[in-house]
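Numbers here simply count residues along the sequence, with the first being 1.
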Amino acid sequence: MESWWRIDWIATVLQAAPRIAALRRHMRPTIRLNGIDTLDAAVMKAFGVRGVMWDVDGTLMRRHGTAVAPHLAQAFARLAGDPALCHVILSNCDERRFVQLASIFPTIPIIRAYATDRGLIVRRRIGDDDTWSDVRPMHHQRPTGALRKPSLAIFRVALEALEGVSPAHALMVGDQYLTDIAPANMLGVITVKVNTVEPRSFPVAVRALQMAERVLFSLSPSRH
């Protein structure tokens, strides 16, 4: 049985909690949409978007789904097939889900990063091609293990995967204020907050945390 502190959402809470004060000041998204089906070419052109970072569970599909939600599939295919855009997937998933996402999205890089005693190691998977980087320095000492959003380090790694797209021309699409929107805002990335797909597919504890996040957002300063 998996240790409780390694369960994906618990690991996320443990990493996010020390950063709440900073994150809550950057929770306001650039754009608020019901879903990606209204994220059209006009919006992308208006903001000069050249690269997209995607959250998956709750943004594109139900938790641990195996395909993009039917009502979003056409819009996602349109965006993913746009030759003017590059894409990367940044999900707070465990190792098994990481491999599964690579099979669901075989042409899009899936990014994962690990803090070690020697530094940061980046894992990039496209389909069956699974590559690991050399160890790179970390600016701040962190507990060892897989990094999770809202880690700014993993967002920087995702930006690198967008083939040189600057933060001002990158878009983060996610359904959570604290793990998707706030850290991207802190790096100057354009942000799109969408409604969670099939909220009841998430554990009760996660839904309670999502409700608490919405309350925190309502009380947060409108800095961004």
Side-chain angles (χ1 to χ4, degrees), residues 26 29-31 33 36 39-57 59-61 68 72-93 95 97-115 119-139 146-176 179-194 224:
H26 297 85
T30 310
I31 310 168
L33 301 173
I36 66 163
L39 186 59
D40 57 21
V43 173
M44 306 299 264
K45 183 178 180 180
F47 286 92
V49 176
R50 297 206 297 268
V52 185
M53 296 186 286
W54 295 98
D55 174 56
V56 176
D57 292 339
T59 297
L60 295 176
M61 63 185 68
V68 176
L72 302 176
Q74 184 176 357
F76 180 76
R78 169 176 49 79
L79 292 164
D82 187 339
L85 297 174
C86 52
H87 302 265
V88 65
I89 287 174
L90 191 56
S91 172
N92 277 354
C93 58
E95 299 291 324
R97 180 65 169 164
F98 177 82
V99 174
Q100 184 183 38
L101 290 180
S103 66
I104 297 171
F105 305 99
T107 63
I108 299 177
I110 319 291
I111 298 297
R112 195 162 167 81
Y114 307 83
L120 182 70
I121 298 176
V122 177
R123 184 180 181 188
R124 183 175 186 265
R125 187 174 180 115
I126 305 178
D128 293 331
D129 183 16
D130 199 348
T131 60
W132 299 70
S133 74
D134 294 330
V135 177
R136 60 173 73 180
M138 295 186 71
H139 298 296
L147 295 183
R148 311 179 71 80
K149 299 177 294 181
S151 165
L152 294 185
I154 197 170
F155 273 85
R156 292 189 182 99
V157 167
L159 281 168
E160 291 176 12
L162 289 179
E163 303 173 3
V165 174
S166 70
H169 296 287
L171 184 75
M172 175 67 204
V173 185
D175 69 309
Q176 298 302 310
T179 55
D180 298 323
I181 302 305
N185 280 336
M186 291 171 73
L187 294 179
V189 172
I190 306 159
T191 53
V192 174
K193 168 69 171 67
V194 296
H224 200 101

Nearest 0.5 angstrom please: [X] [atom1] to [Y] [atom2], how far?
X: Asp175; Y: Leu33; atom1: CG; atom2: CG; value: 13.0 Å
X: Met172; Y: Leu90; atom1: CE; atom2: CG; value: 5.5 Å
X: Leu171; Y: Leu85; atom1: CG; atom2: CG; value: 9.0 Å
X: Ile36; Y: Gln74; atom1: CD1; atom2: CD; value: 10.5 Å
X: Thr59; Y: Leu72; atom1: OG1; atom2: CG; value: 9.5 Å
X: Thr191; Y: Ile31; atom1: OG1; atom2: CD1; value: 7.5 Å

Hey, does [Y] have a side-chain heavy atom less than 4.5 Å from the side chain of [X]?
X: Asn185; Y: Thr30; answer: yes
X: Met61; Y: Ile104; answer: yes
X: Met44; Y: Val52; answer: yes
X: Arg78; Y: Leu39; answer: no

May I have the step-by-step check of side chain to side chain contact (heavy atoms under 4.5 Å, CB included) for Leu120 and Val157, ending in yes or no? CA-CA 10 Å; Leu120 182 70; Val157 167; 4.1 Å; yes
Shortest non-hydrogen separation from [X] to [Y] and the atoms involved:
X: Pro183; Y: Phe155; result: CG-CE1, 3.4 Å
X: Val189; Y: Met53; result: CG1-CE, 3.8 Å
X: Ala113; Y: Ile154; result: N-CD1, 4.1 Å
X: Pro106; Y: Ser103; result: CD-O, 3.6 Å
X: Cys93; Y: Leu101; result: SG-CD1, 4.0 Å
X: Val192; Y: Ile181; result: O-CD1, 3.5 Å

Trp54 ring center near Phe76 ring center (under 6.0 Å): yes
Residues Lys193, Asp180: salt bridge by 4.0 Å N-O rule: no
Worked verdict on Lys149 versus Asp55 for side chain to side chain contact (heavy atoms under 4.5 Å, CB included): CA-CA 10 Å; Lys149 299 177 294 181; Asp55 174 56; 2.8 Å; yes
Evaluate whether atom CG of Asp129 has more than 12 neighbouring non-hydrogen atoms of other residues, nucleotides or ligands under 6.0 angstrom away. yes
Could you check whether atom CD of Glu95 has more than 12 heavy atoms from other residues, nucleotides or ligands sitting under 6.0 Å from it? yes
Could you give me the CA-CA distance, side-chain angles and deciding distance for Leu79 and Asp82, then say whether side chain to side chain contact (heavy atoms under 4.5 Å, CB included) is met? CA-CA 5 Å; Leu79 292 164; Asp82 187 339; 5.8 Å; no
Mind running side chain to side chain contact (heavy atoms under 4.5 Å, CB included) on Ile110 and Val56 for me, showing each step along the way? CA-CA 11 Å; Ile110 319 291; Val56 176; over 6 Å; no
Would you say Arg148's side chain and Asn92's backbone share a donor-acceptor pair under 3.5 angstrom? yes
Checking Arg123, Arg112, Arg124, Arg125 against Trp132 for side chain to side chain contact (heavy atoms under 4.5 Å, CB included), the one that qualifies is Arg123
